[in-house]
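The figures here come from the full heavy-atom set of this structure, side chains too, leaving out hydrogens, waters and symmetry mates. We count residues from 1, following the sequence as given.
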Amino acid sequence: MKSLKVLACAACLLGTVSSVGFAKDVQTIAGSMVVPNNVNVVSASKTNTRDFVEKQMKQNSSKNMAMNMMAEDIFKNFGTTFDVYQLQGADKTGQKDAFLVALDVKEIAQKVAKDKANDPMFVAAMAALDKGQIDPVTEQLMLGAINKQIPTTTTVVPLNDPKRYANLKTRSGELLIKPRTLTVENAEQVHPVAGTKYQTYAASSRLLYADGNVQTPLYANTAFVLKPGKPVLYVGVTTDVQRDYFKTIFDNAFKSIK
């Protein structure tokens with residue numbers, strides 16, 4: 001968990017970077033994507049974020065040595081196996097900001113699930129990712145299974161169990177560990193994206209993250225791009241109030257990857 005906190009802090013650092021690119025074609029770990037001319041993109045792997053994260057990982061290492069080694073191993077490929085991008089734009093209402101996380105699914109799966117290297121199902125999945133193509137029958141089965149798990153109505157998902165820490169209270173008697181939940185609303189079904197170079201599947205949802213009485217409305221837009229040998233999962237996140245601004249930008253960017 002500490003490693004995740006470090007990565008979150010790294011994303012925050014991106015906001016301080018002053019040098020941004022204005023090119024329409026933006027390079028990502030799966031290839032280039034197109035964004036509007038007035039949207040600036042910064043890649044975390046090309047800033048001083050790398051040094052910050054490495055320092056924080058050493059200072060806040062987990063008690064689980066295996067977890068530390070795995071995090072360090074993955075981070076060695078920062079910029080190729082995963083990356084974080086900050087998008088900045090503007091309209092008449094002011095500046096707009098969003099983050100985009102990119103993960104090489106095959107590479108990370110092979111590192112995280114080393115014990116399944118000889119499992120027939122795992123081997124078959126890796127072969128499909130290498131090929132970068134899912135046949136129509138498998139696609140329908142896959143989408144059916146995934147979409148059954150996606151809420152069709154507003155759903156509150158608990159992220160912790162405060163009752164386990166009921167005895168931990170502040171001097172004023174308040175719970176030290178407060179309820180954390182994630183509300184999923186207007187969740188889109190995972191669907192194929194037409195007109196792409198690589199097989200691509202996408203979905204989006206409005207989210208409400210609550211930590212006690214503090215609520216943060218969010219919007220997430222995701223895409224799984226099946227580039228042969230390098231399948232990448234993209235997760236774009238912004239505040240809900242900026243949803244309309246970034247939805248089209250994310251949709252078009254994912255569709256343009258080549």
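For residues 189-237, the ring pair (Phe, Tyr, Trp, His ring centres under 6.0 Å) pairs, not counting sequence neighbours, are Tyr234-Phe254. Counting only residues at least two apart or on different chains, the side chain to side chain donor-acceptor pair (under 3.5 Å) pairs with a member in residues 122-137 are Lys106-Asp130, Asp135-Thr138.
In the hydrophobic clustering of ILVMFWY residues, with side-chain heavy atoms under 4.5 Å counting as a link, Val39 and Val241 come out apart. Linking Ile, Leu, Val, Met, Phe, Trp and Tyr whenever their side-chain heavy atoms come within less than 4.5 Å puts Val184 and Leu218 in one cluster. By the criterion of side-chain heavy atoms lying less than 4.5 angstrom apart, applied directly or through intervening Ile, Leu, Val, Met, Phe, Trp or Tyr residues, Val190 is grouped together with Leu233 in one hydrophobic cluster. Transitive grouping of hydrophobic side chains (ILVMFWY, heavy atoms separated by less than 4.5 Å) brings Ile134 and Val105 into a common cluster. Cluster membership check: Phe122 shares its hydrophobic cluster with Met142, using side-chain heavy-atom separations under 4.5 Å among Ile, Leu, Val, Met, Phe, Trp and Tyr.
Atom-to-atom distance recorded for Thr183:OG1 and Arg206:CZ is 11.5 Å, nearest 0.5 angstrom. Summarising the geometry, atom CG belonging to Asp97 is positioned 9.0 Å from atom CG belonging to Leu87; distances are rounded to the nearest 0.5 Å. Taken from CG in Asn77 to OG in Ser45, the straight-line distance is 11.5 Å, to the nearest 0.5 Å. With rounding to the nearest 0.5 Å, the separation of CD in Glu185 from CG in Leu207 is 9.5 Å. Between the CG atom of Leu100 and the CZ atom of Phe250 there is a distance of 5.5 Å, given to the nearest 0.5 Å. The structure places CD of Gln189 at 8.0 Å from OG1 of Thr152, a figure rounded to the nearest 0.5 Å.
Nearest heavy atom pair, residue Ser256 against residue Ala253, reads OG-O, 2.8 Å. The shortest heavy-atom contact between Ile29 and Gly79 is CG2-O, 3.3 Å. Of all heavy-atom pairs between Ala44 and Phe78, the closest is CB-CZ, 3.6 Å.
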(message) side chain to side chain contact (heavy atoms under 4.5 Å, CB included) for Leu226 and Leu129? Distances and angles first, verdict last.
(response) CA-CA 7 Å; Leu226 281 171; Leu129 294 181; 3.7 Å; yes
(request) Evaluate the criterion side chain to side chain contact (heavy atoms under 4.5 Å, CB included) for residue pair Tyr85 and Thr28; output intermediate values, then yes/no. (result) CA-CA 9 Å; Tyr85 309 90; Thr28 72; 3.5 Å; yes
(message) side chain to side chain contact (heavy atoms under 4.5 Å, CB included) for Lys116 and Met121? Distances and angles first, verdict last.
(response) CA-CA 9 Å; Lys116 298 184 181 296; Met121 294 296 290; over 6 Å; no
(request) Could you please spell out the steps behind the side chain to side chain contact (heavy atoms under 4.5 Å, CB included) verdict for Val35 and Val41? (result) CA-CA 9 Å; Val35 298; Val41 180; 4.2 Å; yes
Residues 153-161, side-chain donor-acceptor partners within the protein, below 3.5 Å, at least two apart:
| unit_1 | atom_1 | unit_2 | atom_2 | d |
| --- | --- | --- | --- | --- |
| Thr155 | OG1 | Thr153 | O | 2.9 |
| Asn160 | OD1 | Arg180 | N | 2.9 |
| Asn160 | ND2 | Lys178 | O | 2.9 |
| Asp161 | OD1 | Lys163 | N | 3.3 |

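A side-chain donor from one of Asp83 and Ser43 sits under 3.5 Å from a side-chain acceptor of the other. Donor-acceptor pairing under 3.5 Å is recorded for the side chains of Lys96 and Thr93.
Looking at Lys255 and Met33, their side chains never come closer than 4.5 Å, going by heavy atoms from C-beta outward. Between Asn186 and Ser204 there is no side-chain heavy-atom pair separated by less than 4.5 Å.
Formation of a donor-acceptor pair under 3.5 Å by the Asp104 side chain with backbone atoms of Glu107 is found in this model.
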